[in-house]
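See below for the structure under consideration.
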Amino acid sequence: MIYAILFLILPLFSAFLAPVGSLVRTKFGNILNILIYAAGIVVGVSILREMDNGGLNIVLGGWRAPFGISLYLSTLSVGFGLVIYLLAICIHVSELGKGRSGRYNLLFSLFVFASLGMIQTGDLFNLFIFIEIGSIAVIALTPATNERAGTRGALKYLVPSGLLSMLMLASIALLYSSLGTLNIAHIASSEPLNGALGLVLGVGMLAVFFFETELFPFNSWVPDVYRGASSSFAAAIAGIGGLSGAVALGRMFLTMMGELTSFQFAHSSLLLVVFMVAVASILVGEIAALRERDLKRVLAFSSVGQMGIVALTFSVGGMNGLYAGLFLLLNHSIVKPMLLIIAGFFVGVTKKATWDEMNGVGRQYPLFGALFILGGLSLVGMPIFAGFWAKLILLKALFDGMSLLAGIGAGVVLLSIIIEGVYFLRIGHCLFERDEENDKGERPVEIGRAPARDAVFAFIPVIVLALLTVVLGLRPGLVSTFLKSASSDLLHTTGYIQNILVTLSTVGGGL
Amino acid sequence: MSVHGLFLYNAAALIVIGIFGILTRKNIIKILLAINILQTGVNLLLVAVGWRPEGIAPIITEQTSGMVQFVDPLPQAMVLTAIVIAFGTTALGLIIAINYFKTHGSLETPSFLYGHMKSDEDEVVQ
Amino acid sequence: MNRGTWMKIRAQVLPSIFVLLILCAGSLLVYRALTDEGEGVKVMGAPIPERISSRFITKSVNQRDNVSVEFGERGYEEGSANLVTSVVVNYRAFDTLLEVIVLFASAAGVALLAAPRRRPRYRESSVIVRNVVPIVNMLVFMTGAVIILRGHLSPGGGFAGGAVIASGFILLSLAFRHTIRGRLLIVLESVMGLGILGVGLLGIYYDGYFLSNFLPTGRVGSFFSSGTVLILYLLIGVKVLSEIAGISLSFLRGEEEKA
């Protein structure tokens, strides 16, 4: 018998068992987490196999939606949930060598749990609590390894997160007073809201998702958190956190605030807001990355830019654009953690944080250096890699758009590709520079040898992720059905409402 | 202004004060207090939204048996959760403040509205 | 005043005035939006009979025929006399599980980040404190226990009761040196958490739904009523008190051990 709820609940077992187990054996937490995530993948795959018509609705406690809380398992949520589990395993493997305490593993499991919940839940207040759990996990884990920079990063995350999540709660309160429900599908299918009211409440609720998805103007935390956290946790934030934030943003904006929902009078204004935020994120992110010297910060700003492109597809480009955006999101979630793990490894061996002082490290560790360049090229959109297909489909969709917004979007995306190419190739060139004086006239840095165990542990997830992006680049058809169904899930509000409120297949957690 | 309106405007005032504090204060403890004021304002807003004229407390006793004139219990449940969340984030914020003081020597940060934190460029973080 | 102080005041006050002006403008815009007279549903557009909570009040989410709830009657779909508890622990029990996890996460985070204290300077508390605190604590613990146990009958429940008992522990920690081992709290938290998950999974076993209320509902208003609510609130109460006690111990004593 398969318990479909386990797909969400499994990390909780690891969270409750990790601290107790670590009292007995210190390595307990790491191994347990990996086992649980592997079990999660097994559960997810079996759910996907058994899902017949595209939706599985779990009502918790047996109270029918919209009165109780419901979780919606579709190809979108289960598929991206599988990606989250896979990333979690990869990140844990990369830090097997370092002793992480039981509480660290507990918080990591809760971070995974919160991210899974954000993409599956069908209830607004439930979503709010998942966001809070994720925030607490990030705030607690960022300073866990490096006190000074990590505390700065955590502070920069904590203050805006507190402000914006409370704004979301206030908007939920007013929305509840207007429509009388908290269920996302029920809200979407309610009477149309007043336009101005819809705009205010919509922005109030979207703001916290802009924050989670690393978009401008709420991206001030991204460089400091990526820099202050250990690179494996930064990889988790980039891959898992950004992924769930973007999917939740899509669910909120596309499904709940779509054209035919209760937000229809405010929809065009909200769309303009998302468009402007996206364009600003792309420009700010890429230009800041161009000027940045710290390696992990470059990757942080690059994340901001990539997420901006994803958000752009939420506002223009139609179904094809959304398809490309989700593909891009998938690619980014695979590649960015890989880049961050390699970056962390390089920082460890060179004891330097800026990329122009790391010259030559690629010669010492050619495999890592080559994979770093491979990742960068995949993000930029070089053929053979997954990013190529995503950007191609996106540009085609934007050019077909024939509207001013689509045109601006296309221009900005092209600009971002050029800028990304410049700084990634620059870093790549620097990594493989010869043993001579660089521009500043300084001698290259001493490159230490890392213990072989650390290198191997870092290598395994990196090669897995690299292979994934190459495979997706050569055979993009592998994920096309998944992405098509995922994008229609987000866009076709009526189907979503049908599945949840009319409950085509209602399951309580068992099958 | 009705009693209901009084509560709503009060909540709005608290929210505005909280946002003002977060955006302009430099001391971390003051920022945390402002976040708490904001959270209190939002909780008050939630409870006020659940009010109904001539409503009674949502508990069924011998006196209230058979009645339906209760105030809305759902926002009160949400406030319960919100208070616990506020407690959790405040505790975490305080421990971060303590660590910040330990590592940076002062509780003052440049305001989040403008300026950025002085980052320690010599520090290498793996 | 001289120019120096004027410059300092200007640097401090000017940004605040700027933010204040922006906030005033913003609140005005929000107010205009909230009271807009255009078409469409307005704020407060759904009075209580039109909200989903109308069914919570009459306990008719799955049973559809109740007009109101009578005190002392059996046979309702849900048995708590306290309607807020029925929402918190029954209709929206998943939210409560998540709320408990929020507290769990912040307790773990605080413990993770708290710095170990080397040899805290301990000052013996006064005779009055040492003698009065145990007596006061008896009352505190009893009150907390009653609040937890009567959560389905009167305002209170696991969270409030757990916080009250935890405040008793804080008093103890302030009065005496050695109160409770951190390890006990860790074990308590985890066991209670697994217990809550277990109740949820038992719900699947009996009813097919996670966190469903599978025990008999009983009479509204009697102590042994409302199914799993009592058990859940007990588990939640102990978990909350161990977490809050853990947080305060982390602040008082620093990190106990690297768990």
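These numbers were taken from a predicted model, which means no experiment stands behind them. Proteins get letters first, then strands, A, B, ... in listed order; numbering begins at 1 in each.
For the side-chain hydrogen bond (donor to acceptor under 3.5 Å, both in side chains) test, residues two or more places apart in sequence or in another chain that qualify with Thr81(B) are Glu99(C). Not counting sequence neighbours, the partners of Asn99(B) by the side chain to side chain contact (heavy atoms under 4.5 Å, CB included) test are Glu147(A), Thr151(A), Lys102(B), Leu113(C).
Top candidate by heavy-atom pairs under 4.5 Å with chain C, chosen from Thr61(B), Ile96(B), Ile85(B), is Thr61(B). Interface summary for chain C: among Pro58(B), Ala77(B), Pro75(B), the most heavy-atom pairs under 4.5 angstrom belong to Pro58(B).
Contact of Ile52(C) with chain B is made through the side chain alone, with heavy-atom distances under 4.5 Å. Contact annotation for Ser27(C): only side-chain heavy atoms (C-beta onward) come within less than 4.5 Å of a heavy atom of chain B. At a 4.5 Å heavy-atom cutoff, Tyr91(C) makes no contact with chain B through either its backbone or its side chain. Only the backbone of Met67(B) comes within contact range of chain C, judged by heavy atoms closer than 4.5 Å. Contact of Val102(C) with chain B is made through the side chain alone, with heavy-atom distances under 4.5 Å. Residue Pro47(C): no heavy atom, backbone or side chain, is found under 4.5 Å from chain B.
Residues of residues 10-21 of chain B lying under 4.5 angstrom from chain C, judged on non-hydrogen atoms, are Val16(B), Ile19(B), Phe20(B) by number. Within residues 40-51 of chain B, the residues having any heavy atom less than 4.5 Å from a heavy atom of chain C are, in residue-number order, Val49(B), Gly50(B), Trp51(B).
Expressed to the nearest 0.5 Å, how far CZ of Phe56(C) lies from CZ of Phe70(B) amounts to 15.0 Å. Between atom CG of residue Leu23(C) and atom CG of residue Leu23(B) there is a gap of 6.5 Å, rounded to the nearest 0.5 Å. Note that CG of Asp72(B) is 5.0 Å distant from CZ of Arg51(C), once rounded to the nearest 0.5 Å. To the nearest 0.5 angstrom, Arg92(C) atom CZ is 12.5 Å from Leu80(B) atom CG. Atom CZ in Phe87(B) sits 7.0 Å away from atom OG in Ser106(C) (nearest 0.5 Å). Expressed to the nearest 0.5 Å, how far CG of Leu20(C) lies from OG1 of Thr24(B) amounts to 9.0 Å.
Atom CZ of Phe223(C) is surrounded by more than 12 heavy atoms from other residues, nucleotides or ligands within 6.0 Å. At most 12 non-hydrogen atoms from other residues, nucleotides or ligands lie less than 6.0 angstrom from CZ of Phe7(B).
In this structure, the side chains of Arg52(B) and Pro49(C) come closer than 4.5 Å at one or more pairs of heavy atoms.
Taking all atoms of both residues into account, the shortest heavy-atom contact from Ile57(C) to Val71(B) is CD1-O, 4.4 Å. Scanning all heavy atoms of the two residues, the minimum distance from Ser53(C) to Leu74(B) falls at CB-CB, 4.1 Å.
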field: Verdict with supporting geometry, Val110(C) and Leu92(B), side chain to side chain contact (heavy atoms under 4.5 Å, CB included)
entry: CA-CA 6 Å; Val110(C) 168; Leu92(B) 208 52; 4.0 Å; yes
query: When you look at Leu94(B) and Phe251(C), which way does the side chain to side chain contact (heavy atoms under 4.5 Å, CB included) test go after all the steps?
result: CA-CA 9 Å; Leu94(B) 283 173; Phe251(C) 274 104; 3.8 Å; yes
